[in-house]
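Note sheet for the following structure.
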Number of protein chains: 2
Amino acid sequence: MHKEHNLTKNQQIIFNLIDKSSEPLKAYTILSNVQKKGIKAPLQVYRALDKLVEIGKIHKIESRNAFIACQNSSCQVSKATAFSICESCEKVTEISNSNLSKYLSNFKDKAGMKYSKYNLEFFGLCKKCITK
Amino acid sequence: MHKEHNLTKNQQIIFNLIDKSSEPLKAYTILSNVQKKGIKAPLQVYRALDKLVEIGKIHKIESRNAFIACQNSSCQVSKATAFSICESCEKVTEISNSNLSKYLSNFKDKAGMKYSKYNLEFFGLCKKCITK
DNA sequence: CTAAAAAGCGTTATATTATAACATATTAAC
DNA sequence: GTTAATATGTTATAATATAACGCTTTTTAG
């Protein structure tokens with residue numbers, strides 16, 4: 001079992017929005033969607049995002065500057081993340097593959113660097129978009 | 001053999017700067033360093049960067065919004081990139097490991113997506129920083 | 001060759017993403 | 001119940017990136 005994080009009000013509002021979204025959300029999209037709930041400033045959004053990323057409830061898709069909810073119950077802290085990104089429809093899916101994560105977590109480069117984290121983004125066309 | 005790209009003046013100026021740098025450079029750092037050479041506006045920098053990325057002469061480190069020269073003669077088009085990033089000194093190295101690239105290029109996820117590209121960033125502490 | 005297409009350039013303005021700084025409030029730990 | 005840590009609200013601003021326009025140069029195909 002992992003530590004339960006009791007989200008604060010702002011964190012909960014923002015997590016709920018991201019969690020129910022079918023696509024990654026950008027910070028200012030989030031802002032415009034939560035203004036009716038009293039979150040008025042970018043910084044309020046970024047602070048909540050920072051915390052949610054830190055505790056692994058959401059992930060940042062670096063190539064898109066957007067955020068999605070963690071779809072992988074085992075990555076409570078986001079130290080090993082992999083995503084597939086459709087370059088046509090922009091659908092993003094978190095990849096949960098123990099073979100892949102094992103391979104990458106054990107990867108050693110020749111420079112002798114000690115890795116504590118990785119992020120992998122695959123790009124291509126999803127099934128739907130291939131046939132278009 | 002791959003296609004030789006003749007860089008234009010702006011592209012060459014900017015590539016030279018990135019290539020001789022020991023660390024990833026940000027767009028506005030680049031701008032301030034090439035103003036004496038007549039490149040005055042952000043867009044001139046971004047256009048050159050876009051092209052240099054497209055032809056594989058440089059790569060963007062997504063987590064840092066910064067650019068480094070390709071250190072891997074075989075990746076003329078940047079479709080398969082991997083980097084190690086030291087979270088202490090911010091040193092970035094391009095990983096050139098045929099086992100890794102083979103593994104990732106052949107990776108198939110269960111969603112049946114066809115991948116044409118990937119980018120992997122490892123984070124940790126480099127040898128120097130571990131002992132500090 | 002040479003005309004047409006493609007790529008690049010220079011410039012101004014502006015959009016988008018993210019953080020600094022400061023005062024106050026809430027929560028958790030002892 | 002005081003203290004330390006975390007979170008909040010707010011204003012301002014920094015940092016990153018693109019839109020739109022007109023013009024020039026280079027490449028390509030006939």
Side-chain angles (χ1 to χ4, degrees), chain A residues 3-18 21 23-68 77 85 87 90 92 119 121, chain B residues 2-18 21 23-68 77 87 90 92 119 121:
Chain A
K3 186 177 172 203
E4 219 15 280
H5 285 276
N6 298 309
L7 302 183
T8 65
K9 182 166 144 279
N10 287 1
Q11 289 162 11
Q12 190 68 60
I13 290 170
I14 287 172
F15 175 71
N16 286 348
L17 181 70
I18 296 171
S21 170
E23 57 186 7
L25 296 179
K26 287 164 164 270
Y28 280 73
T29 305
I30 293 168
L31 176 58
S32 71
N33 276 283
V34 296
Q35 282 184 320
K36 49 183 174 288
K37 301 216 167 156
I39 296 175
K40 290 171 192 162
L43 198 45
Q44 294 175 288
V45 173
Y46 280 104
R47 285 198 282 226
L49 290 174
D50 284 352
K51 187 68 186 180
L52 291 167
V53 165
E54 185 193 326
I55 65 179
K57 300 280 286 181
I58 65 172
H59 303 302
K60 182 173 187 181
I61 308 301
E62 292 287 353
S63 65
R64 299 298 185 261
N65 296 318
F67 300 83
I68 66 169
V77 182
I85 302 170
E87 289 185 297
E90 291 292 323
V92 174
N119 180 54
E121 297 182 4
Chain B
H2 62 276
K3 187 175 172 202
E4 221 12 280
H5 285 277
N6 298 308
L7 301 183
T8 64
K9 182 164 144 281
N10 287 0
Q11 289 162 13
Q12 191 69 61
I13 290 169
I14 288 172
F15 175 70
N16 286 348
L17 182 69
I18 296 171
S21 170
E23 57 186 5
L25 295 179
K26 287 166 164 270
Y28 280 74
T29 304
I30 293 168
L31 177 59
S32 70
N33 276 284
V34 296
Q35 281 183 321
K36 50 183 174 286
K37 301 215 168 160
I39 296 175
K40 291 172 189 158
L43 199 44
Q44 295 175 285
V45 173
Y46 280 104
R47 283 197 284 224
L49 289 173
D50 283 352
K51 187 67 186 183
L52 290 167
V53 166
E54 185 193 325
I55 65 180
K57 300 279 286 179
I58 65 172
H59 303 301
K60 182 173 188 182
I61 307 300
E62 292 287 353
S63 65
R64 298 298 185 262
N65 297 319
F67 300 84
I68 66 169
V77 183
E87 289 184 299
E90 292 293 324
V92 174
N119 179 55
E121 298 182 3

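Everything numeric here is computed off the predicted structure, so don't read it as measured data. Each chain gets a letter, A, B and so on, in the order its sequence line appears, and its residues count up from 1.
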For DNA chain D, produce a single dot-bracket line, 5' to 3'. Pairs: Watson-Crick or G-U wobble, both distances under 3.5 Å. Symbols: ( ) within strand, [ ] crossing, | other strand, . unpaired.
-> ||||||||||||||||||||||||||||||
Find the distance between [atom1] ([X]) and [atom2] ([Y]) and round it off to the nearest 0.5 Å.
{"X": "B:N65", "Y": "B:L25", "atom1": "CG", "atom2": "CG", "answer": "13.0 Å"}
{"X": "A:K9", "Y": "A:I39", "atom1": "NZ", "atom2": "CD1", "answer": "6.5 Å"}
{"X": "B:I30", "Y": "B:L17", "atom1": "CD1", "atom2": "CG", "answer": "6.0 Å"}
{"X": "A:K36", "Y": "A:I13", "atom1": "NZ", "atom2": "CD1", "answer": "10.5 Å"}
{"X": "B:L52", "Y": "B:N10", "atom1": "CG", "atom2": "CG", "answer": "10.0 Å"}
{"X": "A:L49", "Y": "A:K57", "atom1": "CG", "atom2": "NZ", "answer": "14.0 Å"}

Start with the C-alpha distance between A:I14 and A:L7, add both sets of side-chain angles, then the distance that settles side chain to side chain contact (heavy atoms under 4.5 Å, CB included), and finish with yes or no.
-> CA-CA 10 Å; A:I14 287 172; A:L7 302 183; over 6 Å; no
Take A:T8 and B:Y46, find for each the nucleotide of DNA chain D with the closest heavy atom, and name the residue whose nucleotide sits nearer the 5' end.
->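 It is A:T8, whose closest nucleotide lies nearer the 5' terminus.
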With a cut-off of less than 4.0 Å, is there a side-chain N or O of [X] near OP1 or OP2 of [N]?
{"X": "B:N65", "N": "D:dA17", "value": "yes"}
{"X": "A:Q44", "N": "D:dT8", "value": "no"}
{"X": "A:N10", "N": "D:dG9", "value": "yes"}

Check DNA chain C against residues 27-35 of chain A and give the residues with a non-hydrogen atom under 4.0 Å, in numerical order.
->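 By residue number: A:Y28.
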Contacts of A:E121 that satisfy side chain to side chain donor-acceptor pair (under 3.5 Å) - sequence neighbours left out |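 Side chain to side chain donor-acceptor pair (under 3.5 Å) check on A:E121 returns A:S63, A:N119.
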Would you please name every residue forming a side chain to side chain donor-acceptor pair (under 3.5 Å) with B:E23, sequence neighbours left out?
->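 B:E23 satisfies side chain to side chain donor-acceptor pair (under 3.5 Å) with no residue once adjacent residues are dropped.
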Backbone of B:R64 reached by a side-chain donor or acceptor of B:K26 within 3.5 Å |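 Side chain of B:K26 to backbone of B:R64: a pair is present.
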Specify the closest pair of heavy atoms between B:V92 and B:P24, including all atoms of both residues, with the distance to one decimal.
->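 Taking every non-hydrogen atom into account, CG2-CG, 3.6 Å.
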Closest to side chain of A:A41, choosing from D:dT16, D:dT10, D:dA7 =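 The closest nucleotide is D:dT10.
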What integer distance in Å separates A:K37:NZ from D:dT8:P?
->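 Distance check: A:K37 NZ to D:dT8 P gives 15 Å.
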Atom CD of A:Q11 and atom P of D:dT6: how far apart are they, to the nearest Å?
->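 The answer, rounded to whole Å, is 12 Å.
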B:E54/B:D50 under side chain to side chain contact (heavy atoms under 4.5 Å, CB included): CA gap, chis, key distance, verdict = CA-CA 6 Å; B:E54 185 193 325; B:D50 283 352; over 6 Å; no
Covered region of DNA chain C, 5' end to 3' end, by chain B [heavy atoms, under 4.0 Å] |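 So the contact region on DNA chain C extends C:dG8 to C:dT12.
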Contact letters for nucleotides 20-27 of chain D, in which S counts primed atoms plus P, OP1 and OP2 and B counts the base, heavy atoms under 4.0 Å | B-------
Determine whether A:Q12 and A:N16 make a side-chain contact, defined as any pair of heavy atoms from C-beta on separated by less than 4.5 Å.
->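 With C-beta onward as the side chain, the pair touches.
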